[in-house]
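Written out below as structure tokens is the structure these notes cover.
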Number of protein chains: 2
Amino acid sequence: MNKQTQARYDAKATVIKAMAHPTRLLIIEELSKQEHCVCELTDMIGADTSTVSKHLALLKNAGIVSDEKRGQMVFYTLKMPCVLKFLSCLETTLIENAREQLALVG
Amino acid sequence: MNKQTQARYDAKATVIKAMAHPTRLLIIEELSKQEHCVCELTDMIGADTSTVSKHLALLKNAGIVSDEKRGQMVFYTLKMPCVLKFLSCLETTLIENAREQLALVG
DNA sequence: TGGCTCATTGGTAATATAACCAAATTACCA
DNA sequence: TGGTAATTTGGTTATATTACCAATGAGCCA
């Protein structure tokens, strides 16, 4: 395979990998409604602050969210709204898949 | 967090995780053009057959592709066309991100 | 300044992923 | 039936991911 083509697949995979975690999906969906500081997200998620911070750093690195420091707090915003369409398509597909499974069973 | 909500995030993450690999993205894009047998995909990818087979099993398990055996060969088909829209949105975002990076430098 | 809160970074251990080789399975055909 | 090709499965090793704790950095205010 072409080197440039490979690089493009790698770049896309990096972004998708950043989405590929339940906690980070929750973050994305919450940020799609409104911006949040790390502390709010930490409350919602119920994990250690450092864990949440690392998830956010990963999302930021992938270009999915952006951050802004205001006072002591850091607010995160969703930067890539098109991921939402995908997530809703995913939801639909999951429901369909479940229906199929059910049909197989009886 | 709610147990059911958590389960939904897990299910979505599973599908996205299945996409989160350069080789599997290549497979998805190729299958979006037409069905392919494992041997054809193996040629394109240039990895061991067993490696490709495992990538395909993962995609199938996630409900992204489906397979059909015809003779000795197994043909794979894309089952979730909406992933393509997402990939093109991703492409756009990557270009935008690159432009931003460039702007920061020069 | 000193102490408090919010957030990030470093370290470590447990788990998950991914590649290859080897072996097993399935279908075809001489 | 024996042999060959296409796939899958099992095993192993190297690497990546993730969670938590501890320590650090940054901003606020009494």
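Every chain is numbered from 1, with letters handed out A, B, ... down the list of sequences.
Side-chain atoms of A:Lys54 come within donor-acceptor range of the base of C:dG11, with a qualifying N/O pair under 3.5 Å. Interface remark: the A:Ser53 side chain does not form any donor-acceptor pair with the C:dC6 base, using a distance-only criterion of under 3.5 Å. For B:Gln72 against D:dA5, a side-chain N or O and a base N or O form a donor-acceptor pair under 3.5 Å.
Residues B:Thr51 and B:Ile45 have side chains not in contact (no heavy-atom distance under 4.5 Å, counting atoms from C-beta outward).
The phosphate of C:dT17 has OP1 or OP2 within less than 4.0 Å of a side-chain N or O from B:Lys17. Look at A:His55 and you'll find a side-chain N or O under 4.0 angstrom from OP1 or OP2 of D:dA19. For C:dC6, neither phosphate oxygen OP1 nor OP2 lies less than 4.0 angstrom from any side-chain nitrogen or oxygen of A:Tyr76. Here B:His21 reaches the OP1 or OP2 of C:dA19: one of its side-chain N or O atoms lies under 4.0 Å away. The phosphate of C:dC6 has neither OP1 nor OP2 within less than 4.0 Å of any side-chain N or O from A:Arg70.
Considering only the side chain of A:Leu58, D:dT18 comes nearest among C:dA19, C:dA7, D:dT18. Listed nucleotides: C:dA22, C:dC6, D:dT7. Nearest to the side chain of B:Met73: D:dT7. The side chain of B:Lys69 has C:dT26 as its nearest neighbour among C:dT8, D:dT8, C:dT26. In the set C:dT26, C:dC21, C:dT8, C:dC21 carries the atom at the smallest distance from any side-chain atom of B:Ser50.
Here the P atom of nucleotide C:dA18 and the CG atom of B:Leu25 are 12 Å apart, to the nearest Å. With rounding to whole Å, A:Asp67 atom CG is found 14 Å from D:dA26 atom C1'. B:Asp43 has its CG atom 12 Å from the C1' atom of D:dA6, to the nearest Å. Atom-to-atom, CD of A:Glu68 to C1' of C:dA7 comes out at 15 Å; the value is rounded to the nearest Å. Whole-Å rounding puts the B:Phe75 CZ to C:dT26 C1' distance at 15 Å. If you take NE2 of B:His36 and P of D:dA6, they are 16 Å apart, rounded to a whole angstrom. Atom CD1 of B:Ile27 and atom C1' of D:dT7 are 14 Å apart (whole Å). In this entry the distance linking CG of B:Asp48 with P of D:dT12 reads 17 Å, nearest Å.
Between B:Phe86 and A:Phe86, the angle of the ring planes stays under 30°, which puts this pair in the parallel group of the 30/60° scheme.
Base pairing annotation: C:dT5 forms a Watson-Crick or G-U wobble pair with D:dA26, both donor-acceptor distances under 3.5 Å.
Contact detail for B:Met80 and A:Leu90: the closest heavy-atom pair is SD-CD1, 4.1 Å.
How far CG of A:Leu59 is from NZ of A:Lys79: 11.5 Å, rounded to the nearest 0.5 Å. The CG atom of B:Leu41 sits 6.0 Å away from atom CG of B:Leu56, with the distance rounded to the nearest 0.5 Å.
Salt bridge annotation for B:Arg8-A:Glu29: absent, with no cationic side-chain nitrogen under 4.0 angstrom from a carboxylate oxygen.
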